[in-house]
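Quick caveat, the model's predicted, so the values are computed rather than measured. Reminder, nothing fancy here: chain letters follow the sequence lines and each chain counts from 1.
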There are 2 protein chains.
Amino acid sequence: MHICFMYSKELLKGTLKTIVLKLLSENEKMYGYEITQRVKALSDGKILLTEGALYPTLHKLESEGLLVTETVSIGKRIRKYYSLTNEGVSTAEAKVNEFADFMLTMRTLLSPNLSLS
Amino acid sequence: MHICFMYSKELLKGTLKTIVLKLLSENEKMYGYEITQRVKALSDGKILLTEGALYPTLHKLESEGLLVTETVSIGKRIRKYYSLTNEGVSTAEAKVNEFADFMLTMRTLLSPNLSLS
DNA sequence: AAATATGCATAATATTCTTATGTATTCAAA
DNA sequence: TTTGAATACATAAGAATATTATGCATATTT
């Protein structure tokens with residue numbers, strides 16, 4: 001039997017772009033499905049990206065000029081690789097830094113009960 | 001002149017209930033405006049709760065049985081104090097713990113760039 | 001006297017996500 | 001061998017959560 005502990009989804013709100021940009025800043029290029037699996041693995045199954053959230057986000061980041069795509073055929077299946085533009089690289093850095101600072105602030109707000117590290 | 005650094009608002013999404021419950025778990029009773037000012041102070045002006053978000057959230061938590069209210073007249077002005085029910089106390093604890101765990105997971109995902117203490 | 005701060009509240013709108021659905025290929029197990 | 005699970009993309013309807021704008025009213029400071 002398998003008990004899967006998922007976060008109440010609301011906490012995840014607003015972090016998707018940051019996660020995607022960060023992964024791409026470490027991986028040269030990734031495709032959508034790969035991103036969902038990587039996040040699942042890195043979070044021990046605690047963060048499960050849904051396709052309905054991921055694909056629109058990727059498309060939006062692309063339309064904003066932060067990502068570019070490269071379509072590859074794997075047999076008869078299509079795979080769409082995403083990679084960061086120069087602007088994407090700096091945005092990724094900024095987003096991660098912002099999130100880190102946000103965590104510090106939240107830690108102050110919630111401090112007594114938090115034992116991080 | 002005053003330069004105010006605010007987080008991109010999206011990060012705050014989903015954390016409001018946790019913040020409110022946590023503050024109330026430390027303060028016996030608080031009123032809405034007081035909560036906005038406390039959060040502003042604790043976050044060094046980085047988190048500014050809007051009334052349009054706070055009041056509906058307070059009402060919702062009340063309707064869920066996590067908060068109870070007590071209205072007090074201050075001169076001719078009304079002040080509505082909120083305090084936790086028993087269920088509110090345990091929910092507050094659970095929410096804070098969940099957030100702490102979420103932060104640990106996010107830290108793993110974004111680790112290389114995070115230097116938290 | 002006017003501006004700022006205190007104090008509550010709601011409506012219209014925007015953003016971001018979930019859930020549901022659709023299409024199609026590949027691989028492993030029964 | 002066929003059935004289910006995994007791989008791989010995508011979009012639409014709806015829910016949840018927040019912003020912005022607005023409204024009302026009193027108290028304090030300049």
Side-chain angles (χ1 to χ4, degrees), chain A residues 2 4 6-21 29-41 45-64 67 69-82 95 99 102 106, chain B residues 2 4 6-21 29-41 45-64 67 69-82 95 99 102 106:
Chain A
H2 179 68
C4 176
M6 273 278 295
Y7 299 115
S8 90
K9 318 260 181 145
E10 47 187 20
L11 284 183
L12 209 57
K13 285 209 176 192
T15 62
L16 182 52
K17 279 183 202 167
T18 304
I19 291 173
V20 167
L21 289 172
K29 64 180 183 179
M30 295 181 85
Y31 55 99
Y33 186 75
E34 186 184 12
I35 292 173
T36 66
Q37 299 308 302
R38 188 72 56 87
V39 170
K40 186 178 174 183
K46 288 177 181 174
I47 297 180
L48 304 176
L49 301 188
T50 59
E51 298 156 305
L54 179 62
Y55 290 115
T57 295
L58 286 171
H59 300 161
K60 199 187 174 201
L61 291 173
E62 186 186 4
S63 78
E64 288 171 357
L67 304 180
T69 61
E70 176 195 351
T71 301
V72 175
S73 290
I74 305 294
K76 284 180 185 173
R77 209 156 27 181
I78 282 176
R79 204 178 266 179
K80 215 166 151 185
Y81 280 100
Y82 291 87
K95 283 268 184 194
F99 188 79
F102 177 68
M106 285 299 290
Chain B
H2 179 67
C4 177
M6 276 278 296
Y7 299 115
S8 91
K9 317 260 180 148
E10 50 187 18
L11 285 181
L12 209 57
K13 285 205 177 194
T15 63
L16 182 53
K17 279 184 201 165
T18 305
I19 291 173
V20 167
L21 290 172
K29 64 180 183 178
M30 295 182 85
Y31 55 100
Y33 186 75
E34 186 184 11
I35 292 174
T36 65
Q37 299 308 303
R38 189 70 58 86
V39 169
K40 187 179 174 183
K46 288 177 181 173
I47 297 179
L48 304 176
L49 302 188
T50 59
E51 299 157 304
L54 179 62
Y55 290 114
T57 295
L58 286 171
H59 300 161
K60 200 187 175 200
L61 291 173
E62 186 187 3
S63 80
E64 287 171 359
L67 304 181
T69 61
E70 176 195 352
T71 301
V72 174
S73 290
I74 304 295
K76 286 179 181 171
R77 210 155 30 179
I78 283 175
R79 204 178 265 178
K80 215 166 150 186
Y81 281 100
Y82 291 88
K95 282 270 183 193
F99 188 79
F102 177 69
M106 285 301 288

Roughly how many Å is it from [atom1] in [X] to [atom2] in [N], rounded to a whole number?
| X | N | atom1 | atom2 | value |
| --- | --- | --- | --- | --- |
| B:E70 | C:dC8 | CD | P | 13 Å |
| A:E62 | D:dA10 | CD | C1' | 13 Å |
| A:M30 | D:dC9 | CE | P | 11 Å |
| B:E34 | C:dG7 | CD | C1' | 12 Å |
| A:I78 | C:dT23 | CD1 | C1' | 12 Å |
| A:L54 | D:dT11 | CG | C1' | 14 Å |
| A:I35 | D:dA8 | CD1 | P | 12 Å |
| B:E51 | C:dA5 | CD | C1' | 11 Å |

Between [options], which nucleotide has the shortest distance from any of its atoms to the side chain of [X]?
| X | options | answer |
| --- | --- | --- |
| A:T50 | D:dC9, C:dC17, C:dT18 | C:dT18 |
| A:Y31 | D:dA18, D:dC9, C:dC8 | D:dC9 |
| A:K80 | C:dC17, D:dC9, D:dT19 | D:dC9 |
| A:R79 | D:dT20, C:dA9, D:dA8 | D:dA8 |

Does [X] place a side-chain N or O at less than 4.0 Å from the phosphate oxygens OP1/OP2 of [N]?
| X | N | result |
| --- | --- | --- |
| A:H59 | D:dC9 | no |
| B:K17 | D:dA16 | no |
| A:Y55 | D:dA10 | no |
| B:R77 | D:dA27 | no |
| B:K76 | C:dG7 | no |

Legend entry - Contact check, side chains of B:T57 and B:K60, non-hydrogen atoms, under 4.5 Å: no

Inset, instruction - Determine whether B:F102 and A:T15 make a side-chain contact, defined as any pair of heavy atoms from C-beta on separated by less than 4.5 Å. - result: yes

Inset, instruction - Return the set of residues passing side-chain hydrogen bond (donor to acceptor under 3.5 Å, both in side chains) with B:E70 (not counting sequence neighbours), or none when no residue passes. - result: none

Inset, instruction - Could you grab the distance from atom CZ of B:R79 to atom NZ of B:K29, nearest 0.5 Å is fine? - result: 9.5 Å

Inset, instruction - Working to the nearest 0.5 Å, report the span between CG of B:L21 and CZ of B:F99. - result: 13.5 Å

Legend entry - Along DNA chain C (nearest heavy atom to each residue), the more 5'-positioned of B:Y81 and A:T57: B:Y81

Inset, instruction - Pick base, sugar-phosphate or nothing for A:G32, based on heavy-atom distances below 4.0 Å to the nucleic acid. - result: sugar-phosphate

